[in-house]
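This report concerns only the one structure given below.
In what follows, chains carry the letters A, B, and so on, assigned in the order in which the sequence lines appear, proteins first and then strands, with residues in each chain numbered from 1.
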Number of protein chains: 4
Amino acid sequence: MTRSLRADAARNRSMLLAAAAEEFASRGMSASVADIARRAGVGKGTVFRHFPTKDDLLAAIVLDRIESLAALARKLYLADDAGQALFDFLDEAAGRQQQLDFSFLRDSGDINDQLRDAREGLYVAIIALVERAQAVGAVRTDVTGLDVILMMCVPAHVVSFVPGAAPDLWRRYLAMVIDGLRPEGAHPLGPPSPAAV
Amino acid sequence: MTRSLRADAARNRSMLLAAAAEEFASRGMSASVADIARRAGVGKGTVFRHFPTKDDLLAAIVLDRIESLAALARKLYLADDAGQALFDFLDEAAGRQQQLDFSFLRDSGDINDQLRDAREGLYVAIIALVERAQAVGAVRTDVTGLDVILMMCVPAHVVSFVPGAAPDLWRRYLAMVIDGLRPEGAHPLGPPSPAAV
Amino acid sequence: MTRSLRADAARNRSMLLAAAAEEFASRGMSASVADIARRAGVGKGTVFRHFPTKDDLLAAIVLDRIESLAALARKLYLADDAGQALFDFLDEAAGRQQQLDFSFLRDSGDINDQLRDAREGLYVAIIALVERAQAVGAVRTDVTGLDVILMMCVPAHVVSFVPGAAPDLWRRYLAMVIDGLRPEGAHPLGPPSPAAV
Amino acid sequence: MTRSLRADAARNRSMLLAAAAEEFASRGMSASVADIARRAGVGKGTVFRHFPTKDDLLAAIVLDRIESLAALARKLYLADDAGQALFDFLDEAAGRQQQLDFSFLRDSGDINDQLRDAREGLYVAIIALVERAQAVGAVRTDVTGLDVILMMCVPAHVVSFVPGAAPDLWRRYLAMVIDGLRPEGAHPLGPPSPAAV
DNA sequence: AATGAATGAGTGTTCATTCAT
DNA sequence: AATGAATGAACACTCATTCAT
């Protein structure tokens, strides 16, 4: 009874999340709530019923992605080949960010606690992955987990400049990024890694 | 008489460009014309006298930067060490983008002809630099000039995620990018380079 | 079966009236239907099942009060001391309006027929009380029943300006109003009483 | 040069104030900025150019009235007949509030400092007037300045319930209020005067 | 009969752009 | 040529009302 109504609401919620992800991806934080509602095929009021503010809508999307990425990182931490584990993680992360990269974390005014915690958890998991890959010599030792986190966003960003890019073009730039993280042919990096992101 | 007026106007124009560059750099495309005018110390109307729309103001800034970067590329093309020439170019380009990266070109709706031509000129000059660097073995041969152009924006982008970053932090990520462009330790890149940007 | 449903419905209706009276009293006409429903512990839809519009809900409350006040006026008309009867009525009326004064009648767009009739009945009863009090010399003869009706709202209104007022402060201003209605020390009133309210 | 432009702006500002006073008077704080703008014959943006928020617009109106009323009170304090001075003041105050009474001070969320100071000044001036009137026996001694301030708003409020009231009807109710303030026929007031308003 | 999800008109406010001075 | 006042289309968000369940 409540079941079927919930089903409708849940459907709207997920259409909203999908529509918002696309709008945010193409217009950034300045995507308008009206456009998101239109794309999701619902009224403007429905957006606000599900997410009290535009920022909350963005946060919901980002939280989703961060948590699923963190889960992946934790799973890959258990893989046999530490180097491959990190590269697989980067592959998946770069691929997902095709649609919505972390830039929004920066654009969106202030970050809420839940989001901050989730992000922290993701960072911890990635750093562990990186350190394990360094231990087996797969990654140069002068980069930090934070550096890898930052470079992970590069493929999506770079591809965003290429109109009509092939859907897998991001792999090309991920390959370049990864080659820059390898020990072979590494040159000194200059300034030290930042303290936090 | 027109003389002195022109001088005033020119002065206003360049103060406007400087003010706008700073505002755009810190607030992105959503910097307001009113703020730009205030920072430049002129009235809002004066902004529109010089640049018919906000987009035109942005385009003027970008055009400026593109042309000066293209000039630099052409000058470095004449340098003895082809590899160093490219790296020097990237160093300068990445450093300048600290303040205003090309992202705006993407954000700003449509690009005008003058801008398109200038960009084309810059691309040609960079591609020449890259090919010369490849000829002497300083850069892997499976990257194209277009790839380098795209990767050139990476340091500014990456650093933008780091609050309170050291002013030279971008050099760290440029070093990583460059290491990824070197022949040593290069792995296959997968998808081909895009046809155009 | 209909029986028990009716009981439920009646219960909801009166909880709704009580909740709405409190909300309207503290927030005026801009109290929200959602808040009223929440305070009554029912769904928003239920509010509209009982009262087609927010205005109707307000009208129902006011109708209630008007009718009970009219009943009181009629009862007091039978009292021995005509002067005391009127003052007792004003005391009770002013006290009740502590919670919801007639202002809402003015704010709420148009008045419905039932409400108009009830108000008319109240006015008739009050006018009778006043005339009887004048007949025994308790009230100056240059005021009309309508004047008294209007002045009756004064204590609640005045007290509404005093933050943290003592709960019986309205009596102070009712006393002043009544002193103004007495024959002793009466001065000419100037303009004639209005034809209707 | 700036002169003539200012003239236009000043004209708009005062039309805005007038329009807002009328809208606020008839619809209370829920008068809409759009309606005010329409009534003033200007665009919505113009309202915000002159008054940063709706509350500021209201505050400007109220401040104006408060200050001019305070000036009047101070002037009348110098009059020979202390009783007449107070009654003259009440006459003027009640007449002005025909259009916009102090209710707005209550409705408007928070009061700004300038407004609070002005109100304080007005209160001080009125209290002085009252005490002087009491000293010559024109006003009963058991009322305070604060009481008078509160009762001063009565005529405007009462008349607001009379549709199509004669323009001077407020004088009738002011006369009743004043008769209630006289020493003749005064009865005990019951609860003490409030500490502050 | 009751619920609360959905809707969309309306609100206060911002801002690029126009235009009278 | 320069100013800033005026404008109105957008925007995020609220809320009375409707309706599927």
Side-chain angles (χ1 to χ4, degrees), chain A residues 1-13 30-37 41-55 57, chain B residues 1-2 4-6 8-9 12 30-38 42-57, chain C residues 1-2 4-6 8-9 12 30-38 42-55 57, chain D residues 1-13 30-37 41-57:
Chain A
M1 208 173 184
T2 44
R3 199 74 221 197
S4 59
L5 193 57
R6 288 264 165 85
D8 258 33
R11 175 138 213 285
N12 273 342
R13 198 190 133 98
S30 59
S32 93
V33 173
D35 285 348
I36 291 171
V42 302
K44 232 181 343 173
T46 304
V47 181
F48 290 99
R49 153 163 290 275
H50 288 279
F51 307 96
T53 68
K54 192 169 113 171
D55 274 3
L57 173 52
Chain B
M1 200 184 184
T2 37
S4 68
L5 285 175
R6 286 261 167 97
D8 259 31
N12 273 345
S30 60
S32 89
V33 173
D35 285 348
I36 292 170
R38 194 172 314 115
V42 302
K44 235 180 341 172
T46 306
V47 180
F48 287 96
R49 165 162 299 280
H50 287 283
F51 308 96
T53 69
K54 194 167 106 167
D55 275 2
D56 290 328
L57 173 52
Chain C
M1 200 180 182
T2 36
S4 68
L5 286 175
R6 287 259 167 97
D8 259 33
N12 273 343
S30 60
S32 88
V33 173
D35 285 349
I36 292 170
R38 194 173 311 116
V42 302
K44 236 184 335 175
T46 304
V47 180
F48 287 96
R49 165 162 301 278
H50 287 282
F51 307 95
T53 69
K54 196 168 108 167
D55 275 3
L57 173 52
Chain D
M1 208 179 187
T2 44
R3 198 74 220 199
S4 59
L5 192 56
R6 289 265 164 88
D8 258 32
R11 176 136 214 285
N12 274 340
R13 198 188 133 97
S30 59
S32 93
V33 173
D35 285 348
I36 292 170
V42 302
K44 229 175 353 163
T46 304
V47 180
F48 289 97
R49 152 163 291 276
H50 288 278
F51 307 96
T53 68
K54 193 170 113 170
D55 274 3
D56 289 328
L57 173 52

### Task
Can you see which heavy atom on Phe51(D) is nearest to which on Asp56(D), and at what distance?
CD2-O, 4.1 Å
### Query
What is the distance from CD1 of Ile36(A) to C1' of dG8(E), rounded to the nearest Å?
17 Å
### Query
Lys54(D) or Gly45(D): which one's nearest nucleotide on DNA chain E is closer to the 5' end?
Lys54(D)
### Task
Could you check which nucleotide pairs with dA20(F) in any of the strands shown, counting Watson-Crick or G-U wobble with both distances under 3.5 Å?
dT3(E)
### Query
At under 4.0 Å between heavy atoms, what does Ala31(D) touch on the DNA or RNA strands: base, sugar-phosphate, or nothing?
sugar-phosphate
### Query
Do Lys44(B) side-chain and dT17(E) base share a donor-acceptor contact under 3.5 Å?
yes
### Query
Heavy atoms under 4.0 Å, any strand shown: does Val42(A) hit a base, just sugar-phosphate, or nothing?
sugar-phosphate
#### Entry: Assigned partner base of dC11(F), Watson-Crick or wobble definition, under 3.5 Å
dG12(E)
#### Entry: Whole-Å distance separating the CZ atom of Arg49(C) from the P atom of dA1(E)
5 Å
### Task
Using atom CZ of Arg13(A) as one end and atom P of dA6(E) as the other, report the distance to the nearest whole Å.
12 Å
### Pairwise 5' ranking along DNA chain E for Asp35(D) and Gly41(A), keeping only the more 5' one
Gly41(A)
### Query
Is the shortest side-chain N to carboxylate O distance from Arg38(B) to Asp35(B) below 4.0 Å?
yes
### Given dT13(E), dA12(F), dA16(F), the nucleotide with the shortest approach to the side chain of Ser32(A)
dA12(F)
### Task
To the nearest 0.5 Å, tell me how far Leu57(A) CG sits from Arg13(A) CZ.
9.0 Å
### Query
In whole Å, what is the span from the CZ atom of Arg38(B) to the C1' atom of dG4(F)?
12 Å
### Message
From the set dA12(F), dT13(E), dT17(E), return the single nucleotide nearest to any side-chain atom of Thr53(B).
### Response
dT17(E)
### Query
Can you name the closest pair of heavy atoms from Phe48(D) and Thr53(D) and give their distance?
CE2-CA, 4.3 Å
#### Entry: Spacing between Asp56(B) atom CG and dT17(E) atom C1', to the nearest angstrom
12 Å
### Query
Hey, is the side chain of Asn12(A) poking within less than 4.0 Å of OP1 or OP2 on dA6(E), counting only N and O atoms?
yes
### Task
Nearest-nucleotide wise, let me know which of Ser30(A) and Val47(B) is further upstream toward the 5' end of DNA chain F.
Val47(B)
### Query
Looking at dA2(E), dG12(E), dC13(F), which one has an atom nearest to any side-chain atom of His50(C)?
dA2(E)
### Query
If you check the Phe48(C) side chain, which of dT13(E), dA16(F), dA1(F) turns out closest?
dA16(F)
### Query
What distance do Asn12(D) atom CG and His50(D) atom NE2 have between them, rounded to the nearest 0.5 Å?
5.0 Å
### Query
How many Å lie between CZ on Phe51(A) and P on dA12(F), as a whole number?
15 Å
### Message
For the backbone of Ser30(C) and the side chain of Lys54(C), can you confirm whether one donor and one acceptor N or O come within less than 3.5 Å of each other?
### Response
no
## Note on the structure
Arg11(D) atom CZ is separated from dA20(E) atom P, nearest whole Å, by 17 Å
### Atom pair distance, as rounded to whole Å: CG in Asp55(D) and C1' in dT11(E)
13 Å
